[in-house]
Amino acid sequence: MSANRDEAQALIDLFKPLFLDSSKTLIGQNIKYDLQVLKNYGVEIKNKLWDTMVAHFLFMPEMRHNMNVLAETYLDYSPISIEELIGKKGKDQLSMRDVPLDVIKDYAAEDADITLKLKQAFVAKIQESGTEKLFHEVELPLIEALAGMEREGINVDVQGLNEFSAQLQEDITKVDAEIQALAGTKFNISSPKQVGEILFDYLKIIEKPKKTKTGQYATGEDILSKLEGKHPIVAKILDYRELVKLKSTYVDTLPLLVNEKTHRIHTTFNQVVAVTGRLSSDNPNLQNIPIRTERGRQIRKAFIPRNEDYILLSADYSQIELRIVASISGDPNMCEAFNLGKDIHTATAAKVYGIEESEVTKEMRYKAKSVNFGIIYGQGAFGLADNLNIPRAEAKQLIDNYFAQYGSIKTYMDNEINFAKEHGYVQTLMGRRRWLKDINSNNATVRSYAERNAINAPIQGSAADMIKVAMINIHNELKGMNIKSRMILQVHDELVFDVYKPELDLIKPIIEKHMKEALPLNVPVEVGMGVGVNWLEAH
DNA sequence: ATAAGCACGC
DNA sequence: GACGTACGTGCTTATA
């Protein structure tokens with residue numbers, strides 16, 4: 001026999017007083033999930049939280065964090081697997097509610113026991129890793145904010161998406177026919193293998209095509225965009241790829257994920273996936289909604305406020321990662337540019353080319369921007385040359401000039417690598433660690449990869465620390481105000497709010513303040529804000 | 001099922 | 001001579 005909802009509710013009600021006792025600590029593995037389930041049964045947990053999964057992420061971010069792995073690693077014990085109860089993932093998988101009580105009780109008791117034992121083991125690990133403050137003041141309080149955002153969800157214009165889908169299908173059919181005509185033969189344009197064979201074996205548009213590591217012809221966007229002049233079919237293939245991508249990943253998929261009860265889309269924000277400390281978003285991923293191309297922007301337009309009394313507000317950090325680089329390195333030239341409120345890429349171009357800012361051309365700014373981004377990622381001359389499609393020598397010159405002007409940034413990069421070599425890890429402004437076991441490897445490729453991580457992880461991770469602090473403070477202040485407006489999305493350097501129109505003027509300065517003051521930097525922090533009847537307009 | 005290749009975001 | 005930009009999610013094709 002299986003328990004029904006009323007029986008489940010009755011059981012939960014028995015435990016309710018415990019969940020409402022704010023002096024008690026609720027220990028769990030992935031507590032955000034439990035928070036959501038209990039909320040579905042009307043229970044708002046008031047306990048302090050202690051999450052074993054999140055704890056493990058802080059002292060071992062690059063490992064897996066599921067409970068079976070943790071139990072085996074730290075308790076030397078293999079628990080009853082969930083698959084033994086409900087079957088393998090797939091269509092035949094049962095719900096936990098279908099499992100008889102006398103079977104589930106052993107699993108449940110063991111689950112609770114293991115979680116408690118893991119917590120006891122992890123307290124010291126958190127202390128040893130120096131992440132106690134980050135854990136208690138950032139990651140644990142963030143759980144509640146994330147749960148709230150997931151629960152709110154975001155409204156989407158399903159009809160608009162469906163109309164766009166029909167239009168995309170027409171365009172795809174047309175481009176498909178044009179490509180087959182240009183090729184003079186039929187093939188599947190969605191197959192990179194077939195595209196490569198058509199371009200390089202059949203049409204032979206160039207002499208020496210690049211190959212992937214498996215020996216197949218490489219036909220990625222970066223390769224094909226450089227071959228657009230070789231044959232008219234190339235641009236059509238890129239066009240086809242864009243259309244099919246937008247249709248299959250977004251336009252046709254998002255409507256299927258609209259919740260029947262709430263009529264909104266509810267993503268899951270993952271707190272323990274990105275090793276640098278960033279969040280990730282899945283089912284659906286709302287952190288990669290298109291914005292770059294005109295057709296992509298049509299999709300962003302479909303994200304709308306919950307009703308006509310609301311408006312979307314987007315608040316995003318301006319150049320946060322470069323500001324963090326400037327702040328950590330203390331580089332006088334880069335700090336000065338930010339202190340004077342300059343456009344950082346124009347200022348960089350002026351420095352690198354040794355000219356006045358008024359003399360900087362679009363192309364110079366574009367190149368300087370590319371160097372600035374390359375710095376954040378630890379890119380070398382080869383990568384910059386490839387990216388900008390310029391000669392290696394010119395790329396090297398750009399980078400040499402860059403470090404001549406921003407000398408302290410070079411020092412910062414060397415310092416991070418040396419720190420990693422000595423300690424085996426690097427850390428963010430809030431002490432979040434990333435272990436780099438390959439930093440002393442004899443294999444140059446492997447070692448270089450670790451060195452790039454040594455440079456990038458503190459930058460990307462500090463930006464993640466910063467927006468997380470802002471999210472907690474914003475969530476708490478809005479909650480205390482008892483208002484209708486809600487924080488609903490985070491996209492790494494951007495927060496999106498579904499704002500009750502009468503509250504807009506009230507909450508704007510609150511959001512701006514908490515974002516600016518999340519972490520003190522040695523340069524100003526700027527936040528751009530916009531509102532609109534859809535996400536595109538708000539951006 | 002899993003890997004490869006590709007494309008979307010920051 | 002090879003390698004060469006950080007972090008993600010998710011689609012389709014191709015192969016096991």
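A quick note: this is a predicted structure, and the numbers were derived from the prediction, not measured. Reminder, nothing fancy here: chain letters follow the sequence lines and each chain counts from 1. Only heavy atoms go into these numbers, but all of them, side chains included; no hydrogens, no water, no symmetry mates.
Considering only the side chain of A/Thr214, B/dA4 comes nearest among B/dC10, C/dG10, B/dA4. Candidate nucleotides C/dA14, C/dC11, B/dG9 were compared by shortest atom distance to the side chain of A/Lys193, and C/dA14 ranks first. With C/dC7, B/dC6, C/dT9 as the choices, the nucleotide that has an atom nearest any side-chain atom of A/Asn270 turns out to be C/dT9. Minimum atom distance to the side chain of A/Phe382 is reached by C/dG4, of the listed C/dG4, B/dC8, C/dT9. Checked against B/dC10, C/dG8, B/dA7, the side chain of A/Arg241 finds its nearest nucleotide in B/dA7. The A/Thr219 side chain lies nearest to B/dC6 when the options are B/dC8, B/dC6, C/dG8. When distances run from any side-chain atom of A/Tyr377 to the nucleotides C/dA6, C/dT9, B/dA7, the shortest one goes to C/dA6. Side chain of A/Pro192, nearest nucleotide from B/dA7, C/dA6, B/dG5: B/dG5. Nearest to the side-chain atoms of A/Val491 among the listed nucleotides B/dC10, C/dG10, C/dA14 stands B/dC10.
As judged by a 4.0 angstrom heavy-atom cut-off over every strand, A/Gln460 is placed among the base-contacting residues. A/Glu321 comes within 4.0 angstrom of no nucleic acid atom, judged by non-hydrogen atoms across all strands. Note on A/Ile459: nothing from the nucleic acid sits closer than 4.0 angstrom, heavy atoms only. Among the heavy atoms of the strands, none lies under 4.0 Å from A/Ile376. A/Val275 comes within contact range of the sugar-phosphate backbone alone, with a heavy-atom separation under 4.0 Å but no base atom that close. Using a 4.0 Å heavy-atom distance criterion, A/Arg434 is classed as a sugar-phosphate-only contact. Within the 4.0 angstrom heavy-atom criterion, only backbone atoms of the sugar-phosphate kind lie near A/Gly220; the bases stay farther away. Among the protein residues, A/Asp386 comes within range of no part of the nucleic acid, since none of its heavy atoms lies under 4.0 Å from any strand. Residue contacts for A/Tyr449: at a heavy-atom cut-off of 4.0 Å it reaches the sugar-phosphate backbone alone, with no base atom in range. Residue contacts for A/Ala218: at a heavy-atom cut-off of 4.0 Å it reaches the sugar-phosphate backbone alone, with no base atom in range. A/Gln216 comes within 4.0 angstrom of the backbone, heavy atoms only, and of no base.
Aromatic ring centres of A/Phe419 and A/Tyr425: separated by under 6.0 Å.
Other residues, nucleotides and ligands contribute over 12 non-hydrogen atoms within 6.0 Å of the NZ atom of A/Lys247.
Scanning atom types as modelled, no donor and acceptor separated by under 3.5 angstrom connect the side chain of A/Asn188 and the base of C/dT12.
Applying the side-chain hydrogen bond (donor to acceptor under 3.5 Å, both in side chains) test between A/Asn372 and each of A/His345, A/Glu321, A/Lys367 identifies A/His345 as the sole match.
A/Lys213 has its NZ atom 9 Å from the C1' atom of B/dA3, to the nearest Å.
Distances shown here put every side-chain N or O of A/Thr276 at or beyond 4.0 Å from the OP1 or OP2 atom of C/dC7. The phosphate of C/dG10 has neither OP1 nor OP2 within less than 4.0 Å of any side-chain N or O from A/Thr249. Between A/Arg292 and B/dC8 there is a side-chain N or O to OP1 or OP2 distance below 4.0 Å. For the pair A/Arg452 and C/dA6, the criterion of a side-chain N or O lying under 4.0 Å from OP1 or OP2 is met.
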Worked verdict on A/Asp222 versus A/Lys226 for side chain to side chain contact (heavy atoms under 4.5 Å, CB included) = CA-CA 7 Å; A/Asp222 52 333; A/Lys226 289 174 185 169; 5.7 Å; no

